[in-house]
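The structure appears right after this line, and notes come after that.
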Amino acid sequence: MTFLITAMLIGLLFLSWKYILRLEPAGVFAVMWVFFAAAVLLLQNQIELRFEGCIYILVCVTAFVMGTIFCDECYNPVPSGMKVALRKQWVFPVLLVLLAGAMVNPLYSIILHGFSLRALLSMQDLLNMNREISEDRYYTGGAYSAVNQFFLIFCYVAPIVGGFCWRLVGKVNKTLCLLTLIPGTFIALTQSMKLSMISAAMLWFGSYIVCSYCYGLPLRIKFKSILRFVIIILLFFLVLFISMVFRTGEVSERTILEISQKFVTYAFGHMHCFDIWYTTYVPGEFAWGSKTFMGISNLLGVEERVQGNYTEFLNIGKNGFYGISNVYTIFRPLVEDVGEAGAVLVMFLMGFVANKSMKDLVAHRVVFLSQSLLIAIYAYVMLSFGASFYGYTSYLAALFLTYFILRFIQTAE
């Protein structure tokens, strides 16, 4: 099986190589899962592995790439001649409003849980706040406020606009573009909600790529860029690790050792978790999208979403290694929605749509729709290791709002 998976990884790299170099959705999707699959093979002695689920995931990713290749062969739009320009005078006020709105959520959430903002000045108070908010979220559903949920949308819209405008504005606005990552990071460090920080970073990066293609700005992979990217990733993981330590409410050698094992499970255990679930899954009635779009189906009363999406925690560790996980990747809800063959077909169609949207964007056809679709697809594939990006109503609302903001800050003639 190790040989088969290795052969599949080589084949996937061969099929997607040009998309990887161009940072297109198929390339980003493929290189992510090549990396995860390689890590899975290296962790065979620490984490349980049955292989069937891993092979299925690689089949789905390959289907996405094949959909992209098929679109390359059959769809080549003629450039429309339309010119797109950024209304730079509106970038500063729009970013300022989005940043202010984004910071309302974490600050109001702290107050909503009964803490004072002065707790941010004390390390012990900060640790207690992280632990109590985390426990409240997982055991009681958390303190809910419609106002707070509304401002959560800004936490995701802000990095989308920040990443999109980064290459088109001056130094002052560039600083604001980077600051759009602060709210998500602040939430991770004060409330142990790692997903907010991860999502913000992915949305920023995805919209950065979309802007580059729309405005014909080159995406060159240089040594300095690679070094900067590695440093950013290391800092990113450091903040995530610190947020996990803060969740325990104490900082000690024992805590750090325990969190180190949990961190490996959270970072690489999702493929193992799906692998075990896939080998024991008994097909039933199709959910027809209610699992992938869990937030909407929850509002409609079709499904009931719990914190973490799944209550089934699997022990995926072995040989004394900690490995408790309930992260099943995007592929579990897809299989539950439309079955195994249906999920492969959905991946193929999504690869086709991603490439079509990219071609339309470059040809300046249906520009704003293409921008929004691509940002949504980048978000979905980059968060594919964790959960469906479309399963959260705040994410969907952010993508909906993004369409109108991008229309407002740009002109197309």
Side-chain angles (χ1 to χ4, degrees), residues 23 83-108 117 120 150-190 196-236 238-239 361 364 367-368 371-372 374-375 378-379 382 398-413:
L23 294 180
K83 292 185 178 179
V84 184
L86 184 70
R87 300 167 68 187
K88 295 184 180 181
Q89 71 274 18
W90 285 106
V91 172
F92 184 85
V94 167
L95 284 174
L96 208 58
V97 169
L98 292 177
L99 262 174
M103 286 305 299
V104 168
N105 174 269
L107 294 176
Y108 185 52
L117 295 181
L120 298 172
F150 171 76
F151 282 106
L152 180 61
I153 297 170
F154 288 76
C155 294
Y156 306 124
V157 178
I160 292 175
V161 178
F164 188 88
C165 294
W166 166 260
R167 301 192 71 179
L168 304 174
V169 295
K171 289 185 178 180
V172 174
N173 285 334
K174 276 187 186 295
T175 301
L176 270 181
C177 289
L178 285 177
L179 288 177
T180 58
L181 295 170
I182 294 297
T185 306
F186 186 76
I187 292 173
L189 290 175
T190 57
S196 59
M197 178 182 169
I198 295 170
S199 302
M202 290 176 175
L203 288 168
W204 198 99
F205 182 61
S207 60
Y208 170 90
I209 299 173
V210 170
C211 171
S212 299
Y213 272 100
C214 182
Y215 287 88
L217 303 172
L219 286 165
R220 298 191 181 96
I221 301 177
K222 300 178 179 178
F223 176 76
K224 184 187 290 188
S225 301
I226 294 174
L227 181 61
R228 188 183 299 134
F229 180 76
V230 170
I231 293 173
I232 291 172
I233 290 296
L234 290 175
L235 289 173
F236 181 76
L238 177 62
V239 173
L361 188 66
H364 286 176
V367 175
F368 303 120
Q371 289 173 348
S372 302
L374 277 172
I375 291 171
Y378 270 115
M382 285 194 285
L399 293 172
F400 179 76
L401 183 58
T402 293
Y403 172 80
F404 294 100
I405 292 178
L406 291 180
R407 287 205 68 143
F408 177 72
I409 64 173
Q410 295 175 97
T411 60
E413 300 176 353

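As a basis for the values below, the full set of heavy atoms in this structure was taken, side chains included, without hydrogen atoms, waters or symmetry mates.
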Side chain to side chain contact (heavy atoms under 4.5 Å, CB included) between Ile375 and Leu406, worked out: CA-CA 11 Å; Ile375 291 171; Leu406 291 180; 4.1 Å; yes
Using the side chain to side chain contact (heavy atoms under 4.5 Å, CB included) rule, take Val367 and Leu361 through it: C-alpha gap first, then chi angles, then the decisive distance, then the call. CA-CA 5 Å; Val367 175; Leu361 188 66; 4.3 Å; yes
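In this structure, Met202 and Tyr378 have side chains that are not in contact, with every pair of non-hydrogen atoms separated by 4.5 Å or more. Val161 is not listed as a side-chain neighbour of Thr402, based on a closest heavy-atom distance of 4.5 Å or more. Contact of the Ser199 side chain with the Tyr156 side chain is registered, since non-hydrogen atoms from C-beta on lie closer than 4.5 Å. Residues Leu176 and Val169 fail the side-chain proximity criterion, which asks for heavy atoms closer than 4.5 Å. Residues Cys177 and Leu95 are in side-chain contact: their nearest non-hydrogen atoms beyond the backbone lie under 4.5 Å apart. Between Asn173 and Cys165, the closest side-chain pair of non-hydrogen atoms is not below 4.5 Å. Ser372 has its side chain out of reach of Leu399: every pair of non-hydrogen atoms, C-beta onward, lies at least 4.5 Å apart.
The nearest pair of heavy atoms linking Pro183 to Ala102 is CG-CB, 3.5 Å. For Trp166 against Tyr208, the heavy-atom pair with the smallest separation is CD1-CE1, 3.3 Å. Phe164 and Cys211 get closest at one heavy-atom pair: O-SG, 2.9 Å. Here the closest heavy-atom approach between residue Ala188 and residue Met197 is recorded as CB-CB, 3.9 Å. Heavy-atom minimum distance, Cys214 versus Val84: SG-CG1, 4.2 Å. Contact record, Ile160 with Ser207: O-OG, 2.8 Å, taken as the closest heavy-atom pair.
Ring-plane geometry between Phe404 and Phe400 is classed as perpendicular, the angle between the planes exceeding 60 degrees on a 0 to 90 degree scale with a lower cut at 30. The aromatic rings of Phe150 and Phe154 stand perpendicular to each other, their planes meeting at an angle above 60°, with 30° marking the opposite boundary.
Going from atom CD1 of Ile209 over to atom CE of Met382 covers 6.0 Å, rounded to the nearest 0.5 Å. To the nearest 0.5 Å, atom CD1 of residue Ile198 and atom CG of residue Leu203 are 12.0 Å apart. Taken from CD in Gln371 to OH in Tyr403, the straight-line distance is 10.0 Å, to the nearest 0.5 Å. Interatomic distance, NZ of Lys174 versus CG of Leu179, reported as 13.5 Å (0.5 Å rounding).
Looking at His364, its side chain never comes within 3.5 Å of a backbone N or O of Tyr215 through a donor-acceptor pair. Listed for the Arg87 side chain is a donor-acceptor partner under 3.5 Å among the backbone atoms of Phe408.
Test Leu98, Ile182, Thr180 against Pro159 for side chain to side chain contact (heavy atoms under 4.5 Å, CB included) and you get one pass: Thr180.
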